[in-house]
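Here the structure comes first, spelled out in structure tokens, and everything after it is commentary.
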Amino acid sequence: MALVTTKELLIDAQKNGYAVGAFNVENMEMVQAVIAAAEELKSPVIMQTTPSTLKYADADYFYANVATAARKASVPVVMHLDHGSSFELAMKAFRAGYTSIMIDGSHSPFEENIAITKSVVDACHAAGVPVEAELGKVGGKEDDLDGGAGGYTVPSEAAEFVERTGIDSLAPAIGTAHGVYKITPKLDVERLSEIRSLVSVPLVLHGTSGVPDEAVKECIRRGICKVNYATDLRIAFTGGVTEYLKENPTAIDPKKYNSLGREKVKEYVMSKMMVCGSNGKG
Ligand code: 13P
Ligand code: ZN
């Protein structure tokens, strides 16, 4: 089927108490792995690319990969820009055909974050494309984007931010971070519930690789509807390729070693779709 938007997927997830997994894809094999997992579990799915992924190969390449996967699939698929770093990049993805856009102005002061977010919302909403934004700072490093130590979202500011920008989903900072955790993160779930009580749009959890599954489920019970995984897909893919090359040191065919990377990503994505409770919802 054709690509769908996050609006319809996340509203259903919010109504029915589950979340949709959003998986960062960085090559064709990862796209194939994610769609295979979604098909096998009959799960809706979001595939997303960061600015640095779009530097590696531009939005048209990734759009073509994901739109092809969606067309062949029986489950709903979204193509989302993750951590859009400027109005220009958001428009590039929008023009390429992305069906969901994140603008991340969380590194700017509150009023500036509102201004850039609102400008993207105005442009995207004219064509029915929903927008995600971030308030507070998810810490750690997402590719080139360094969130530093992070900074929790202030619930009253979240309400004002949603109201003034007109965004469709909000990523609050509640103690997660991008990249590999050195110690198990402690999430401020009370803060999440407070934010939930003040804003009506679906909430998004960033930095989920390495967060214990039970903690993710608790966040979903408290209002998270989209759960982002990136780092662990890289680890799974690289692990598969490394394993293959260790066992077959003379291998030269990328199709051979990439196949095992693809298989490992599929297994990982399936396990996280079960955590999100999106299986059977597609
Ligand atoms: P990690 O996979 O690094 O935890 O982050 C996922 C994410 O938030 C992507 O935007
Ligand atoms: Zn993120």
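Just so you know, these numbers use all the heavy atoms, side chains as well, and skip hydrogens, waters and symmetry mates. Keep in mind that what you see is a predicted model, and the values were worked out from it rather than measured. For ligands, and for the atoms within them, numbers begin at 1 and follow the listed sequence. All residue numbers in this chain count up from 1 along the given sequence.
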Has K281 got more than 12 heavy atoms of other residues, nucleotides or ligands less than 6.0 Å from its NZ? yes

With a 4.5 Å cut-off on side-chain heavy-atom distances among I, L, V, M, F, W and Y, is there a chain of contacts connecting I224 to V131? yes

Would T231 count as a polar contact of ligand 1, with the cut-off being nitrogen or oxygen pairs under 3.5 Å? yes

Under 4.0 Å, heavy-atom basis, I'd like to know which part of T208 is in contact with ligand 1: side chain, backbone, both or neither. backbone

Over 12 foreign heavy atoms within 6.0 Å of NZ, K72: no

When you compare ligand 1 with Y229, is there at least one nitrogen or oxygen pair between them that comes in under 3.5 angstrom? no

Should the pair F161 and F110 be assigned to parallel (<30°), tilted (30 to 60°) or perpendicular (>60°) ring geometry? tilted

Taking atom 5 (O) of ligand 1 as the point of reference, which of Q48, M102, H178 owns the nearest heavy atom? H178

Atom indices of ligand 1, in the order listed, that fall short of 4.0 Å to a heavy atom of G179: 3 (O)

On a heavy-atom basis, I'd like to know which of N228, V204, I235, L205 is closest to atom 6 (C) of ligand 1. N228

Looking just at side-chain N and O atoms, do H178 and N228 make a donor-acceptor pair shorter than 3.5 Å? no

Less than 3.5 Å between some nitrogen or oxygen of D82 and one of ligand 1, yes or no? yes

